[in-house]
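Down below is the structure, laid out as structure tokens.
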Amino acid sequence: MRRILVTSALPYANGSLHFGHILEAVQTDVWCRYQRLRGHECYYVCASDTHGTPIMLKAQSEGVAPEELIARIGAEQRADYEGFLVRHDWFHSTHSPENREYTERIFHALDAAGHVARRTIRQSYDAQAGMFLPDRYVKGTCPVCRTPDQYGDSCENCSATYTPLDLIDPVSVVTGTRPVERESEHLFFRLGAFEPMLRAWTRSGAIHEGVANKLEEWFAAGLKDWDISRDAPYFGFEIPGHPGKFFYVWLDAPIGYMASFAALCRARALDFDAWWCAGSDAELHHFIGKDILYFHTLFWPAVLEGSGFRKPTAVHAHGFLSVNGQKMSKSRGTFITARRYLERLPPEPLRYYFAAKLGSGIEDLDFSLDDFVARVNADLVGKVVNIASRCAGFVARSGGRLAERLPQPALYDEFAGARERIAALYESRDFATAMREIMALADRANQYIDAEKPWNLAKDPARTREVVDVCTQGINLFRVLAYYLAPVLPDLAERAGRFLGHPIAHWDEVAQPLLGTALASYEPLATRLDPKVVASLVEAQPDAADGAASVSSATQPAGATKAAATAKRGGTPSVPAAKTTSDGARSSEAAPTAGAAPGGAATGAQGGAPAAPVTEAAPTEITVDDFAKLDLRVGRVLEAKLVEGADKLLELSVDLGAGDVRTIFAGIRSAYAPDRLVGRHVVVVANLKPRKMRFGTSQGMVLAAGPGGTELFVVSPDDGVQAGMRVK
RNA sequence: GGCUAGGUAGCUCAGCCGGUUAGAGCACAGGAUUCAUAACCCUGGGGUCGCGGGUUCGAUUCCCGCCCUAGCCA
């Protein structure tokens, strides 16, 4: 029996979990459930990652203590994971006594062994806030290409890298004041000394080959010392013997894996040292997103080695998740939180879909709504569950008991014989191939039933026995599939176990068919997804600026979402303040965000937002060229009608001249009766990317002003204007 | 900019250490069936395997260049 300790990246406690987190958690959970089903001793631990500047500032802006903030968010995270059937053996917090203990212990060990250097550095300091500023909390003009409004570490326009001190006209994101330089002594972990060990470890099979290739580049560049201290004020653990200095969040975050396991050990009387001491024969597997490889494949093994602990057996990195082929982005409506999904749909379809797309590599993967509906309905409902569903009735009508023998044992053996192959696929995390194999078997089962046609046999009372035989075969084939799918679909497996009168407990049980036993009454084991409900995952979110769907007046900084959406693409740095802070939260200071979120805008725009209490900044200055990207045109409203099922929308038919008639959904129903609009001239953003909504596609945006509700005012040109004229 | 990964049917993806007519599921068309959650079964249409060179008897698969996408750059 193997002993396996598994972790997934610690979600940062400054926002809600989203699909990216869930992807990683599902991958990890499936792997763990598989290991347990095989009979191994396997523990899955995780924790809320709670330290650092973003959390300190977010708590400040909410007027609560950081402890209160992280307690609240930790509880949300826990509930969201549970909602997706992610079964942690322990979910802890990095702001815990265990984590403090291990962080201090590791620091002392590193220091005693000469792995910690002291050095004075110069850093940006916000005198008004009384704090040193992480690079991403300083903005200014790029010293190389003079693009304004760039972060303190690199330029989005010319990709130059520099320090905040190099910026022209630097500004603190926290207070808007100009930062000054100040010296401070910091502690550095001497990573370079570990290079030989790391080179060997990365080629030991611990990480995917493509990832190891990536690391070559870092070795080639030379490993630099790592700054592991931060100055007060900072939310974290103060460094013993260094008053006013705190451990950098990225030092104590992975130690949180140990802390969480330590808490589990106490609860279950396990021997912590047997798992973590150097030379331990237990396995240690980390599941992470590819964005945080650096920390897990260089710093973390080196820190463990340097402090006398064992190194990870493997670090498994996955790619990023996109939604409908696009980055997750709130302004595009493609940002899906765990909660939003759970409010609408059950967890297992998503678990299956993720599994069906996850391979062992770091390729990105796409959550396509249409594909999701098709795969789940076709595979799970149409194929797998259908096998049981179509056989159950015949057995029930013929005594409710399985036959004593299988009519085609060879076919059963073919199914059961796939178990080692499928097991190997699970083991290597190639879930996608595993799902394909399983679905191919499901096809075979349906073909078998189709060939035997029990419904014909059932017409002849003398052949009842044959009917039961065929269905016994069918139900046994289904049972095998239920085992194979159990790691992905634990709930379905449990209900299948109840139907079969025999719980699904161990992988090897599939070797023997289930014969002669009574079946419970069949209840539907999975239901079809409603495309409409699935589509609502990405429909205009009431608490967000809903892009093309309606006038941009309502609740949010009008420019914000649009600018954010275009900024990256066009390379034009018209990034509004709202994005700033969130990006800062993500990349500069922060910690193991579970990865998967592609792109800062995505994570950032999310409700978990921004730590920094920036002023409600006006949108960034733009150039004439930026403005020219907007195709603003005068349109005449030909038709306006209410949209059934949407209490905010009007469906407009707008003539833009030259025969160009657009359908535009505008969120102005609360202020305008349809009749009031017909015949009027309005201003339309004509080159806005069309946006699919539940009710149709919106092909533009009508401009309006006002706070929302009844206070909405459509913008009108002066008399004499013609439809189609360009606004400039 | 450097690096890593990816660009294969309408969609989501396999395949490819070079080799007969490039695969699957979904979608679509036709047929069959009615046990099953309009599920299942059979048949079919559909791809210049990102673009351009090169190596080779032969390249989607190897090499070079370019384009596009994503991520990382402590």
Side-chain angles (χ1 to χ4, degrees), chain A residues 135 144 153-155 158-161 188-189 191 208-218 220-228 248 250 289-295 297-299 317 319-322 324-327 353 356-357 359 361-395 397 430 432-433 435-437 439-440 442-443 445-459 467 470-471 474 522-529 568-569 587-588 595-600:
Chain A
D135 290 356
V144 178
D153 53 354
S154 68
C155 174
C158 72
S159 303
T161 57
F188 290 80
F189 174 60
L191 182 62
H208 192 262
E209 187 189 335
V211 174
N213 291 343
K214 179 71 186 164
L215 293 187
E216 279 304 325
E217 149 196 352
W218 288 328
L223 300 179
K224 297 182 201 160
D225 290 351
W226 181 39
D227 188 349
I228 54 170
Y248 177 37
W250 259 115
K290 64 182 181 182
D291 55 332
I292 54 174
L293 269 170
Y294 199 90
F295 297 95
T297 56
L298 294 180
F299 295 142
F320 292 107
L321 183 71
S322 55
N324 275 345
Q326 300 189 302
K327 280 197 214 186
Y353 187 68
K357 305 203 81 167
I362 56 174
E363 294 82 43
D364 294 348
L365 53 93
D366 187 49
F367 178 80
S368 154
L369 301 205
D370 294 343
D371 191 43
F372 174 51
V373 173
R375 285 295 277 273
V376 168
N377 288 350
D379 291 357
L380 290 187
V381 183
K383 291 179 182 175
V384 176
V385 162
N386 184 46
I387 301 166
S389 177
R390 67 195 305 193
C391 291
F394 291 115
V395 177
R397 286 189 290 272
D430 194 354
T433 308
M435 294 307 112
R436 261 203 305 284
E437 296 252 352
M439 289 312 137
D443 285 342
N446 277 310
Q447 286 160 9
Y448 165 78
I449 296 164
D450 200 64
E452 299 299 324
K453 299 193 175 22
W455 51 93
N456 281 348
L457 301 175
K459 289 172 187 163
V467 172
V470 167
C471 291
Y522 178 81
E523 309 287 339
L525 292 167
T527 50
R528 313 179 72 76
L529 292 175
K568 196 121 189 180
R569 178 173 293 272
S587 2
S588 77

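Letters go in sequence order (proteins before strands), and every chain restarts at 1.
The backbone N or O of A/V385 sits nowhere less than 3.5 Å from a side-chain atom of A/S389 that would complete a donor-acceptor pair. The backbone N or O of A/L529 sits less than 3.5 Å from a side-chain atom of A/N377, completing a donor-acceptor pair. Formation of a donor-acceptor pair under 3.5 Å by the A/K383 side chain with backbone atoms of A/L380 is not found in this model. Distance alone, capped at 3.5 Å, is enough to place a donor-acceptor pair between the A/K357 side chain and the A/D366 backbone.
Note that CD1 of A/I362 and CG of A/D291 are 11.0 Å apart. Values are rounded to the nearest 0.5 Å. Here the straight-line distance linking atom CG of A/D370 with atom CZ of A/R375 works out to 13.5 Å at 0.5 Å rounding. Rounding to the nearest 0.5 Å places CG of A/N386 at 8.5 Å from SG of A/C391. Separation of atoms CD (A/E452) and CG (A/L457) is listed at 7.5 Å; rounding is to 0.5 Å.
For the C1' atoms, the distance linking B/G2 with B/U20 amounts to 43 Å, nearest Å. Comparing the P positions of B/A36 and B/G50 gives an interatomic distance of 46 Å, to the nearest angstrom. Atom name P, nucleotides B/A29 and B/U69: the rounded distance is 35 Å, in whole Å. With both ends at atom P, the span from B/A59 to B/A14 equals 25 Å, rounded to whole Å. Remark: the separation of the C1' atoms in B/U48 and B/A22 is 13 Å, to the nearest Å. Taking the P atom of each, B/C28 and B/C63 are spaced 40 Å apart, rounded to whole Å. B/C49 and B/U60 have their C1' atoms separated by 4 Å, with the value rounded to a whole Å.
For the pair A/L457 CG and B/U34 C1', the interatomic distance rounds to 15 Å; values are reported in whole Å. Atom pair A/D291:CG and B/G71:C1' shows a separation of 8 Å (rounding to whole Å applied). In this structure, NZ of A/K459 is placed 11 Å from P of B/U33, rounded to the nearest angstrom. The CD atom of A/E437 sits 14 Å away from the C1' atom of B/G25 (whole-angstrom rounding). Between the C1' atom of B/A36 and the OH atom of A/Y448 lies a distance of 16 Å, rounded to the nearest Å.
When each of A/F188, A/W250, A/W226 is paired with A/F299, the ring pair (Phe, Tyr, Trp, His ring centres under 6.0 Å) condition holds for A/W226 and for no other.
Each of A/W455 and A/L191 lies near RNA chain B, and the nucleotide nearest A/W455 is the one positioned closer to the 5' end.
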Query raised in the report: Where each pair must be Watson-Crick or G-U wobble with both distances under 3.5 Å, what dot-bracket representation of RNA chain B is obtained, with crossing pairs in [ ] and other-strand partners as |?
Result: (((((((..((((.....[...)))).((((.........)))).....(((((..]....)))))))))))).
Dump every N/O contact between nucleotides 6-15 of chain B and the protein below 3.5 Å, one line per pair.
{"from": "B/U12", "atom 1": "O3'", "to": "A/K357", "atom 2": "NZ", "distance (Å)": "2.5"}
{"from": "B/U12", "atom 1": "O2'", "to": "A/K357", "atom 2": "NZ", "distance (Å)": "2.4"}
{"from": "B/U12", "atom 1": "O2'", "to": "A/D371", "atom 2": "OD2", "distance (Å)": "3.0"}
{"from": "B/C13", "atom 1": "OP1", "to": "A/K357", "atom 2": "NZ", "distance (Å)": "3.3"}
{"from": "B/C13", "atom 1": "OP1", "to": "A/D366", "atom 2": "N", "distance (Å)": "3.2"}
{"from": "B/A14", "atom 1": "O2'", "to": "A/R436", "atom 2": "NH2", "distance (Å)": "3.2"}

Report task. Treat primed atoms plus P, OP1 and OP2 as sugar-phosphate and everything else as base, then score nucleotides 38-44 of chain B 5' to 3': B for base contact with protein heavy atoms under 4.0 Å, S for sugar-phosphate contact only, - for none. Result -> -SBSS--
